[in-house]
Amino acid sequence: MTDSAQNTPDYRSTLNLPDTAFPMRGDLPKREPAWVKSWNAADAEGRTLYRRLREARKGAPLFVLHDGPPYANGKLHIGHALNKVLKDMIVKSKQLQGFDAQYIPGWDCHGLPIENAIEKLHGRKLSRDDMQAKSRAYATEQIEQQREDFKRLGVLGDWERPYRTMDFANEAGQLRAFKRVMERGFVYRGLKPVYWCFDCGSSLAEFEIEYADKKSDTLDVAFEANDSAALARAFGLNALPENKQAFTVIWTTTAWTIPANQALNAHPELSYALVDTPRGVLMLAEELVAKCLERYKLEGTVLATAKGEALKGLVFRHPLHDAEGGDQGGKYSYKRLSPLYLADYVTAADGTGIVHSAPAYGVDDFNSCVAHGLKYDDILNPVQGNGVYAEELPFFGNEHIWKAVPHVLEVLAANNRLMATQTITHSYPHCWRHKTPVIYRAAAQWFVRMDEGEGVFTQDKAPKTLRQLALDAIDHTSFYPENGKARLRDMIANRPDWCISRQRSWGVPVPFFLHKDSGELHPRTMEIMDRAAEIVEAGGIEAWSRVTVEEMLGADDAPHYTKSTDILEVWFDSGSTFWHVLRGSHAHAYPNGASHAEGPEADLYLEGHDQHRGWFHSSLLLGCALYGRAPYKGLLTHGFATDGKGRKMSKSLGNTVEPQSVTNKLGAEIVRLWVAATDYSGDLNIDDKILARVVDAYRRIRNTLRFLLANVSDFNPATDAVPADELLEIDRWLLSRAGEFQADILKHFDAYEFHPVVAKLQVFCSEDLGAFYLDVLKDRLYTTAPKSLARRSAQTALWQLTNAMLRWMAPFLSFTAEEAWGSFAGEKSSGTIFTETFWPFTTPNEALLAKWARIRAIRDVANKEIEAVRGTGAVGASLQATLTITAGADDAALLRSLGGDLKFVTITSAVEVVDGEALAVVVTPSGATKCERCWHYADDVGQHVEHPGLCGRCVSNLHGTGETRTVA
């Protein structure tokens, strides 16, 4: 080493270089589990972090987000992660706004999916007691697994005491809610077609139906007139052509319903025609004659026409009336007649204009037949709960209806009653769970009535119908996004009565006793319901299953009654959770808040948009049934997680993204940032490329945060803070800009919007901070005296900014904000960012913001000119440049107001402002010498004998009184 090198001063050591223990690399997968553990571990006083948050907000206004319970079956998928993280972000943002933001996580525990899982494990022939015991154990196991995954995502909640629909108190609460719905006059028992799933072996509600394409065989079937002369008279004819049979023809896509046909329907205002063809005289809708004959490959002549009204009273024979062997089977004998009724639901849009009616398998068919006098006991229902025809049904007994379709077509064709058939693909109702086709099937069920009518044991009749109450409630509910309102309104306006009973084991019982002869409920039913709730509250639904008729009714009544084995459907379970959670099992969490005299009310329900027909729907109906309004003030819906191409995720496509894998590889923080950064009003795309972009965004935010932390590491606000009126002007601008920014993002938080916050935060970090303020600030932070006003002013602004930024980030970057808070606040805080509130900035100075907006615009022009000159090689770093800025009077005065600090704003070594007309910037390479410490080019470098490599201001900052800064 040369002597000159040895004697060169180490000026780097004289700079105030940033320093922080907050690492550049997050190492999220390795470090996050420690945060999860600490958050959920009890402190010296036995409190988890959630308990400490509750204590910190004791007495504050409540914010209640009632959790829509996920189903306790299977490991979490990315949709679960999306949902829970979104809820967590909202709750945390409300906590930071000063609310007592409760979050009681819940689980949906009853119902068919768990029964299916148990049957796969243990077989289908379990006793009711065994099924219930195994289901409860299975649900408990699933909840524990899911709970740990939710915690790992950084979700804060009352994990020590969640609610579970299978908790005894909640099961009992559901029974008490059911009783109240009965008292209000909404519950009745009826035989009517309901959606039926063969895989479930039970009825389904509207909420449990989705539509998918299905291939079906259409068929045109001929029904012979029982009295040809009567048919002729209806059309004003004396007689039909001799030696010709007469038929009406129906068209259907459900061949399996033909064996159960009991009537036909025509529209009273449609015009019908009698058509003479080689196959006989056919009665068809007049406007469909040409299409039908083409389909049947026939030619024909119209003999006469008549309005549907004239056809009333005609009678036709079942198409298998004369089939050999068709008269076997007792009540299912085909030797029966089909009367023709008039019905407004018949159309001439397609088919033949005549509708075949199997009242057990269609709502319109059922209503028409019952309205025309068909008794419930006379309705034929040969399809059993498993989809197999009853054994005694002629030709098709013991066949499954889907497999029997070709056989039905074959038998009809053999008896010369099949006019045409073809295969079509059409939209058809499917089971939401099993994705298999469902049918309408008549069954005696319990219903919640939507419109006027009598209920069982009504004691306090509601003033309006349930439909009216629900529609009114929708008008008083806030929707996020707004289009959810129309969707829910349409569903409520058009939905049928709600079938609430199911024929399963694992669920809350319908605690009824029915008379063996009349089918009537026991006269002490309401008293029995109270007793049932007490039994269930003490021992769960299992205790009710063990109760005998004798124990409940006594020896005299017991022989005459049977105990119902139905359960309440699972949507009643989840839909009624507000009733017993917000005011019952967790009422301690909502003091004088969510529970009102007229019923509990949450601030927000949040689920995927499919819940307009699910949890939102059932909760709305039960809230209105119980106390006349919705149980929520607002509804927020999000889309589904889809792959990078917007496709639905499926194992067969191999495009699933497991949250556990992402967490293990990249960290839960990346899942959280993905949720926050994506517009949840539509579907949320995710794949490796998208996650890579999220990682990049995370790194940029973390780097900005690290810079802030590093530059306030030696700042003590108690002793070092500079009063607001003494701050340098650009520091005052920063605090005004940060206050303006915070006001903006708080509006987004209030509207439960996060992707604009993330987008704007990234822009704020890159443009307001990285590309401007922090860029300008580095010289002052690094080169001025450590305790100088100039540096402390900058640190005062940075300290407030860091306080604010950690709070902005905390709802979504929870792990990072908590980690940084430990480095930033240390022992001076409560130990967690989540007990804090958003930083109290003063009102932004609009004049100052406007002034610096113009300065930044001029600076941008200067930077473009510097870059152009740098491209020629004339200058290197911008500090090597000197600027001549020609500006109009206003701009010139603005720039001159910065004094000598203008060069620090432009990050150049010298700036001259010249009066002129249009704004123009000339860049000239500096002819001065570069300071070895601050790297500015200055004429006074070398004028200080003891420090020949320094400029005058560095000498002053190191050995004198220090330079004076007023603006930047």
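Note that the structure is predicted; figures quoted are calculated from it, not measured.
Between Tyr627 and Pro600, the closest heavy-atom pair is OH-O, 2.5 Å. Pairing each heavy atom of Ile492 with each of Ala470, the nearest pair is CG2-CB, 3.8 Å. Residues Ala751 and Tyr480 come closest through the heavy atom pair O-CD2, 3.9 Å. Shown here for Ala641 and Met649, the closest heavy-atom pair between the two residues is O-CG, 4.1 Å. Ser618 and Gly575 make their closest contact through OG-CA, 3.5 Å (heavy atoms, listed as atom of the first residue, atom of the second, distance).
Side chain of Arg180 to main chain of Arg176: no donor-acceptor pair is present (N/O by atom type, distance under 3.5 Å, no hydrogens or angles). Between the side chain of Ser38 and the backbone N or O of Trp35, at least one donor-acceptor pair lies under 3.5 Å. Under a 3.5 Å cut-off, the side chain of Asp683 and the backbone N or O of Phe640 do form a donor-acceptor pair. In terms of modelled atom types and a separation under 3.5 Å, the side chain of Asp108 and the main chain of Pro70 share no donor-acceptor contact. Between the Gln146 side chain and the Lys75 main chain, no donor and acceptor come within less than 3.5 Å of each other. A donor-acceptor contact shorter than 3.5 Å links the side chain of Gln742 to the backbone of Trp839. In terms of modelled atom types and a separation under 3.5 Å, the side chain of Gln660 and the main chain of Leu76 share a donor-acceptor contact. Within the 3.5 Å criterion, the main-chain N or O of Tyr680 finds no donor-acceptor partner in the side chain of Thr678. Without hydrogens or angle criteria, Asp603 side chain to Val64 main chain gives a donor-acceptor distance under 3.5 Å. With hydrogens and angles disregarded, no donor-acceptor distance shorter than 3.5 Å links the side chain of Arg629 to the backbone of Cys624.
The pair Glu45-Arg51 does not meet the salt-bridge criterion, since no charged nitrogen lies less than 4.0 angstrom from a carboxylate oxygen. The pair Arg702-Glu669 fails the salt-bridge criterion, with no side-chain N (NZ, NE, NH1 or NH2) lying under 4.0 Å from an Asp/Glu carboxylate O. Taking 4.0 Å as the cut-off between side-chain N and carboxylate O, Asp27 and Lys30 do not count as a salt-bridged pair. The pair Asp100-Arg54 counts as a salt bridge, with a side-chain nitrogen and a carboxylate oxygen less than 4.0 angstrom apart. By the 4.0 Å N-to-carboxylate-O rule, Glu148 lies close enough to Lys151 to be salt-bridged with it.
Here the two rings, on Phe754 and Phe749, have centers that are under 6.0 Å apart. For Trp674 and Tyr698, the gap between ring centers reaches or exceeds 6.0 Å. Annotation: His580 is not in aromatic contact with Tyr163 [ring centroid separation under 6.0 Å not met]. Ring centroids of Phe578 and Tyr605 are separated by 6.0 Å or more, keeping the two rings apart. Centroid-to-centroid, the aromatic rings of Phe834 and Trp821 stay 6.0 Å apart or farther. You'll find the ring centres of Tyr71 and His110 outside the 6.0 Å limit.
Side-chain contact between Leu761 and Ile745 is absent, with no heavy atoms from C-beta onward closer than 4.5 Å. Trp808 has its side chain out of reach of Leu96: every pair of non-hydrogen atoms, C-beta onward, lies at least 4.5 Å apart. By the 4.5 Å heavy-atom criterion applied to side chains, Phe572 and Val508 are not counted as neighbours. Looking at Thr796 and Asp731, their side chains never come closer than 4.5 Å, going by heavy atoms from C-beta outward. Between His638 and His609 there is no side-chain heavy-atom pair separated by less than 4.5 Å. In this structure the side chain of Thr637 never reaches within 4.5 angstrom of the side chain of Leu606, judged on heavy atoms. Looking only at side-chain heavy atoms (C-beta outward), Phe841 and Leu735 come within less than 4.5 Å of each other. Side-chain contact between Leu622 and Pro631 is absent, with no heavy-atom pair separated by less than 4.5 Å.
In this structure Pro105 satisfies the side-chain contact (heavy atoms from CB on, under 4.5 Å) test together with Asp67, Tyr103, Asp158, Trp159, Pro162, sequence neighbours excluded. A search for side-chain hydrogen bond (donor to acceptor under 3.5 Å, both in side chains) contacts involving Glu767 returns nothing, not counting sequence neighbours. Residues passing the side-chain contact (heavy atoms from CB on, under 4.5 Å) test with Ser681, sequence neighbours excluded: Pro481, Asp679. Every residue was checked against the ring-ring contact (aromatic ring centres under 6.0 Å, His included) condition with His748, not counting sequence neighbours, and none meets it. Applying the side-chain hydrogen bond (donor to acceptor under 3.5 Å, both in side chains) test to Ser814 and every residue at least two apart in sequence or in another chain returns Lys92, Arg672. With sequence neighbours left out, the salt bridge (Lys or Arg N to Asp or Glu O under 4.0 Å) criterion links Glu846 to no other residue. The salt bridge (Lys or Arg N to Asp or Glu O under 4.0 Å) test applied to Glu818 returns no partner, not counting sequence neighbours. By the side-chain hydrogen bond (donor to acceptor under 3.5 Å, both in side chains) test, Arg489 is found to be paired with Asp475, residues two or more places apart in sequence or in another chain being considered. The side-chain contact (heavy atoms from CB on, under 4.5 Å) search around Thr835 returns Leu53, Ala56, Ser830, Thr832, not counting sequence neighbours. Residues forming a side-chain contact (heavy atoms from CB on, under 4.5 Å) with Asn845 (at least two apart in sequence, or on another chain): Ser736, Ala847, Leu848. For Arg737, the side-chain hydrogen bond (donor to acceptor under 3.5 Å, both in side chains) test picks out Glu740, Asp768, with sequence neighbours left out.
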Could you walk me through whether Glu607 and Lys87 pass the salt bridge (Lys or Arg N to Asp or Glu O under 4.0 Å) test, one step at a time? CA-CA 9 Å; Glu607 299 300 330; Lys87 289 173 180 174; 2.7 Å; yes
What's the verdict on salt bridge (Lys or Arg N to Asp or Glu O under 4.0 Å) for Asp696 and Arg699, showing C-alpha distance, side-chain angles and the deciding distance? CA-CA 5 Å; Asp696 286 342; Arg699 286 172 179 159; 3.7 Å; yes
One pair to check against side-chain hydrogen bond (donor to acceptor under 3.5 Å, both in side chains): His77 and Thr656. What are the steps and the verdict? CA-CA 9 Å; His77 54 66; Thr656 58; over 6 Å; no
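If you run side-chain contact (heavy atoms from CB on, under 4.5 Å) between Leu813 and each of Ile701, Leu705, Val758, only Ile701 comes through. Partner Tyr50 forms a side chain to side chain donor-acceptor pair (under 3.5 Å) with one of Gln102, Glu160, Arg161 and no other, that one being Gln102.
With a 6.0 Å cutoff to the six-membered ring centre and a 45° limit on the axis angle, Arg52 does not count as a cation-pi contact of Trp39. Cation-pi geometry between Arg152 and Phe150 is not satisfied (NZ or CZ under 6.0 Å from the ring centre, within 45° of the ring normal).
The CD1 atom of Ile690 lies 8.0 Å from the CG atom of Asp643; values are rounded to the nearest 0.5 Å.
Counting only residues at least two apart or in different chains, salt bridge (charged side-chain N to carboxylate O under 4.0 Å, His left out) contacts with residues 742-754 comprise Lys94-Asp750, Asp744-Lys760.
In this structure, Trp571 and Trp432 have parallel ring planes: the angle between them is below the 30° cut-off, well short of the 60° mark.
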